[in-house]
Peer 1: 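Before we start, here is the structure in question, set down as structure tokens.
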Number of protein chains: 2
Amino acid sequence: MENIKSETCRNGVEASLEIIVGKWKPIILLHLLHGGTQRFGEMKRLLPNITQKMLTAQLRELEEQDIIERKVYAEVPPKVEYSITEYGRSLYGILQQMHEWGVSHMEHMAKKNSR
Amino acid sequence: MENIKSETCRNGVEASLEIIVGKWKPIILLHLLHGGTQRFGEMKRLLPNITQKMLTAQLRELEEQDIIERKVYAEVPPKVEYSITEYGRSLYGILQQMHEWGVSHMEHMAKKNSR
DNA sequence: TGGGATACTATCATAAACGATACTATTGAA
DNA sequence: TTCAATAGTATCGTTTATGATAGTATCCCA
């Protein structure tokens, strides 16, 4: 407990949310955190329902925010690799905590709805 | 580090996001966490730009999820008080961590953009 | 000469989140 | 008898997020 006051705070929490929120970002981050470097096509295969447009858009945003790194190889056919940056890795704690809380929350709600 | 695998994980992280995501939810939660019990009208005053519709909607969702409690007094004019539940309080760690990471992230981006 | 492979971009369409505004019910007090 | 006070709902409109689909560039290989 401390200086997490409503106003300042709001900005901090929202800045974090900006990174991890969205239909695809959490799973993109987790795949990169767990699976390491991946090519565009691999990622697309891992997210069967995402469109190319969405995948590119999400990756570009994460790159802009220094969370992931994009490495283009000058080959034909093209090859582009994505990986988590060291900085991006600092998100792991938050994701971990959200994961744990979320899993127990799902149990909580399941219990509630079975009453 | 452990069982936070992409698939399971995704659900956990997204379950958490469902609670705290939105234009108003983080600040609503923080106000209730810091300020304790509040009446509807007080909350509305604290969130100058929110519409009544939005405020009610967000409060109802949080109530559904057991994060906040809604107490109606049978008076005229009406009086309704909102407060964080004990269960809701378990979100504090996540919000705290997001706050800290977010603040440092804002600094990180500020530095980057001033180069 | 015509695919196939890869990582895109462009255009248009739909869905979800958010907002503006007006309306309701109740009662005591002016 | 009209108004203030409070906590809402209802209806419609806008903005933002997401999706479907088609097109682009390059080089090799059959």
Side-chain angles (χ1 to χ4, degrees), chain A residues 10-11 13-32 35-65 67-83, chain B residues 10-11 13-32 35-65 67-83:
Chain A
R10 176 175 164 263
N11 300 317
V13 173
E14 279 170 14
S16 296
L17 280 176
E18 215 181 292
I19 307 291
I20 54 187
V21 145
K23 183 163 175 185
W24 302 108
K25 279 189 185 170
I27 195 172
I28 288 175
L29 290 172
L30 292 170
H31 274 307
L32 287 176
T37 302
Q38 314 232 324
R39 295 185 59 175
F40 183 87
E42 295 178 289
M43 305 215 63
K44 183 137 191 338
R45 256 166 261 128
L46 291 170
L47 279 55
N49 298 315
I50 201 174
T51 60
Q52 281 196 328
K53 177 190 164 184
M54 267 295 117
L55 182 52
T56 337
Q58 307 308 299
L59 291 170
R60 290 294 152 81
E61 283 181 31
L62 291 169
E63 190 196 358
E64 253 308 292
Q65 291 150 336
I67 307 299
I68 68 176
E69 193 183 355
R70 179 168 179 266
K71 188 166 179 191
V72 183
Y73 293 83
E75 302 176 2
V76 166
K79 175 176 172 184
V80 180
E81 280 182 350
Y82 294 92
S83 55
Chain B
R10 174 174 165 263
N11 301 317
V13 172
E14 279 169 14
S16 295
L17 281 176
E18 214 180 293
I19 307 292
I20 54 187
V21 146
K23 184 163 175 184
W24 302 108
K25 280 189 183 168
I27 195 172
I28 288 175
L29 290 171
L30 292 170
H31 275 306
L32 288 175
T37 302
Q38 314 231 323
R39 294 185 59 177
F40 183 87
E42 295 178 288
M43 304 215 63
K44 185 143 187 340
R45 255 165 263 128
L46 291 171
L47 278 52
N49 298 315
I50 200 172
T51 61
Q52 281 195 331
K53 177 190 163 183
M54 268 295 118
L55 182 52
T56 340
Q58 306 308 298
L59 291 170
R60 290 295 152 80
E61 282 180 32
L62 291 169
E63 191 196 359
E64 254 307 294
Q65 291 151 336
I67 307 299
I68 68 176
E69 193 181 354
R70 178 168 180 266
K71 187 165 180 190
V72 183
Y73 293 82
E75 302 175 2
V76 166
K79 176 176 170 183
V80 180
E81 280 182 350
Y82 293 93
S83 56

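In what follows, every chain begins at residue 1, and chains take the letters A, B, ... in the order their sequences are listed. Only heavy atoms go into these numbers, but all of them, side chains included; no hydrogens, no water, no symmetry mates.
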Peer 1: Quick one: B:Leu55 CG to C:dA17 P, roughly how many Å, whole number?
Peer 2: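 Answer to the nearest Å: 18 Å.
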
Peer 1: Can a donor-acceptor pair be found, under 3.5 Å and without considering hydrogens, that links the side chain of A:Glu61 to the backbone of A:Gln58?
Peer 2: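 No: the side chain of A:Glu61 does not pair with the backbone of A:Gln58.
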
Peer 1: Walk me through whether A:Leu32 and A:Ile67 qualify under side-chain contact (heavy atoms from CB on, under 4.5 Å).
Peer 2: CA-CA 10 Å; A:Leu32 287 176; A:Ile67 307 299; over 6 Å; no

Peer 1: Out of A:Met43, A:Arg70, A:Glu64, which one pairs with A:Leu59 under the side-chain contact (heavy atoms from CB on, under 4.5 Å) rule?
Peer 2: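 So the option named by the test is A:Met43.
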
Peer 1: Taking protein heavy atoms under 4.0 Å as touching, what does nucleotides 1-15 of chain D look like 5' to 3' if B marks base contact, S marks sugar-phosphate-only contact and - marks none?
Peer 2: ----BBBBB-BB---

Peer 1: Quickly work out the A:Gln58 CD to C:dT9 C1' distance and round it to whole Å.
Peer 2: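 Answer to the nearest Å: 16 Å.
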
Peer 1: May I have the distance from A:Leu46 (atom CG) to C:dA7 (atom P), rounded to whole angstrom?
Peer 2: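 The answer, rounded to whole Å, is 13 Å.
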
Peer 1: Say whether A:Glu81 and A:Tyr73, considering side chains only, have a donor N or O and an acceptor N or O under 3.5 Å apart.
Peer 2: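 Yes, because at least one side-chain N or O of A:Glu81 sits under 3.5 Å from a partner of the opposite role on A:Tyr73.
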
Peer 1: Rounded to whole Å, please give me the gap between CG in A:Leu17 and P in C:dA17.
Peer 2: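 Rounded to whole Å, this separation is 15 Å.
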
Peer 1: How many whole angstroms separate atom NZ of B:Lys25 from atom C1' of C:dC18?
Peer 2: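 Rounded to the whole Å, the gap is 13 Å.
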
Peer 1: Can you check the A:Met54 CE to C:dT14 P distance for me, whole Å?
Peer 2: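 Those two atoms, CE and P, are 16 Å apart.
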
Peer 1: Provide, to the nearest angstrom, the distance between the CG atom belonging to A:Leu47 and the C1' atom belonging to D:dG19.
Peer 2: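 Atom CG in A:Leu47 sits about 14 Å away from atom C1' in D:dG19.
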
Peer 1: Looking only at non-hydrogen atoms, find the nearest pair between A:Arg39 and A:Pro78 and report the distance.
Peer 2: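 Closest heavy-atom pair between A:Arg39 and A:Pro78: NH2-O, 3.2 Å.
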
Peer 1: Identify the two heavy atoms, one from B:Ile20 and one from B:Lys25, that lie closest to each other, and give their separation to 0.1 Å.
Peer 2: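 Nearest heavy atoms, B:Ile20 then B:Lys25: O-CB, 3.9 Å.
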
